[in-house]
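Only this structure's heavy atoms are used, side chains among them; waters, hydrogens and symmetry mates stay out. Just so you know, residue 1 is the first one in the sequence shown, and it goes up from there.
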Amino acid sequence: MSLTSKEQIINSFEVGENFAEIAALDGKPFPASASALEFSELIFFPRTLLLDVLRQYPDIAINMLISLAQHSRHLAGMIEELAFKDVPQRLATYFLKLSESQLGLPTQHRLPSNTVSLDLSKSQLATSLGTIPATLSRAFYRLSNDGLIAVNGPQLELLDRERLQKFSQSLTQSVG
């Protein structure tokens with residue numbers, strides 16, 4: 001959250017994932033805040049205890065470095081999206097990634113491959129894409145009007161995955 005109350009969602013974490021390692025390592029305040037979207041239990045490791053554990057168990061330190069590298073790649077990708085893509089392109093990219101992540105769900109929870117279920121409210125989605133709800137609504141309309149998606153409440157169908165992929169990566173920002 002900025003001093004002007006503008007908010008940017010940086011990441012959403014799932015069960016078993018860790019975050020805020022950087023603050024534990026360098027001893028400085030974490031540069032972001034976190035809030036749970038549902039009931040959660042968290043484990044906090046004081047800095048001195050964590051550093052002792054890392055010294056004793058190098059495999060844990062290696063896994064933490066891998067996690068930090070993944071977070072760094074995610075942030076670099078986010079900067080690229082915000083700097084070089086317009087909101088409809090960011091939304092298209094989000095739908096494609098969401099579709100891929102939902103393919104990994106157990107069969108009984110999986111939707112047809114071209115159908116995705118939104119995992120965030122539209123307000124949260126707007127914040128995570130670096131925009132406002134009104135602009136997000138226009139992006140939904142554009143993708144729908146261009147025949148790339150069909151919206152049915154919290155579920156949407158990817159009507160033309162190939163065109164959606166091309167659009168998400170295009171420089172001209174036209175669907176064509």
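Of the possible polar contacts, none joining the E81 side chain to the L129 backbone as a donor-acceptor pair under 3.5 Å is found. Between the side chain of Q8 and the backbone N or O of S128 there is at least one donor-acceptor pair closer than 3.5 Å. Within the 3.5 Å criterion, the main-chain N or O of M1 finds no donor-acceptor partner in the side chain of S5. A donor-acceptor pair is defined here as one N or O able to donate and one able to accept, closer than 3.5 Å; such a pair exists between the side chain of K85 and the backbone of S168.
No path of Ile, Leu, Val, Met, Phe, Trp and Tyr side chains, each step under 4.5 Å between heavy atoms, connects L91 with I132, placing them in separate hydrophobic clusters. Criterion: ILVMFWY side-chain heavy atoms under 4.5 Å apart, direct or through other members. Under it, L65 and L51 are not part of a common hydrophobic cluster. V116 and L159 fall into different hydrophobic clusters, defined by Ile, Leu, Val, Met, Phe, Trp and Tyr side-chain heavy atoms under 4.5 Å apart, directly or through other members. Hydrophobic cluster membership is shared by V151 and L125, with clusters built from Ile, Leu, Val, Met, Phe, Trp and Tyr side chains linked at under 4.5 angstrom. Taking hydrophobic clusters as Ile, Leu, Val, Met, Phe, Trp and Tyr residues chained together by side-chain heavy-atom distances below 4.5 Å, F45 shares a cluster with L54.
Rounding to the nearest 0.5 Å places CG of D86 at 5.5 Å from CZ of F167. Taking CD of Q124 as the reference point, atom CG of L136 lies at 12.0 Å (rounded to 0.5 Å). For the atom pair CZ (R138) and CZ (R142), the distance works out to 12.0 Å, reported to the nearest 0.5 Å. Atom CG of L158 and atom CD1 of I149 lie 8.0 Å apart (nearest 0.5 Å). Atom CG of L37 is separated from atom CG of L120 by 7.0 Å, given to the nearest 0.5 angstrom. Going from atom CG of D160 over to atom CG of L143 covers 12.0 Å, rounded to the nearest 0.5 Å.
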For this session: Report the C-alpha separation of L25 and M64 in whole Å, then their side-chain angles, then the decisive distance to 0.1 Å, and conclude whether the side chain to side chain contact (heavy atoms under 4.5 Å, CB included) test is met.
Result: CA-CA 10 Å; L25 293 173; M64 185 176 277; 4.0 Å; yes
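Shortest non-hydrogen contact noted between L68 and I22 is CD2-N, 4.3 Å. When every heavy atom of S117 is checked against every heavy atom of L98, the shortest pair comes out as O-CD2, 3.5 Å. Taking each heavy atom of I10 and A32 in turn, the nearest pair found is CD1-CB, 4.1 Å. A pairwise comparison of heavy atoms in L82 and R90 identifies CD2-NH1, 3.4 Å as the closest pair. The two atoms that bring M78 and I9 nearest to each other are CE-O, 2.9 Å, heavy atoms only. What you find for N18 and S67 is that their closest heavy atoms are ND2-OG, 3.3 Å.
Taking a 6.0 Å sphere around CD of Q56, one finds it holds more than 12 heavy atoms contributed by other residues, nucleotides or ligands. Counting heavy atoms of neighbouring residues, nucleotides and ligands inside a 6.0 Å radius, atom CG of N152 does not exceed 12 of them.
For residues 10-44, the pairs satisfying ring pair (Phe, Tyr, Trp, His ring centres under 6.0 Å) are F13-F19, F13-H71, with sequence neighbours left out.
Checking N114, L96, T93 one by one against L164, the side chain to side chain contact (heavy atoms under 4.5 Å, CB included) holds for a single residue, L96.
Residues forming a salt bridge (charged side-chain N to carboxylate O under 4.0 Å, His left out) with D119 (at least two apart in sequence, or on another chain): none.
Between the side chains of S99 and R161, a donor-acceptor pair is found at a separation under 3.5 Å.
Side-chain contact check for L148 versus F95: every heavy-atom pair is 4.5 Å or farther apart.
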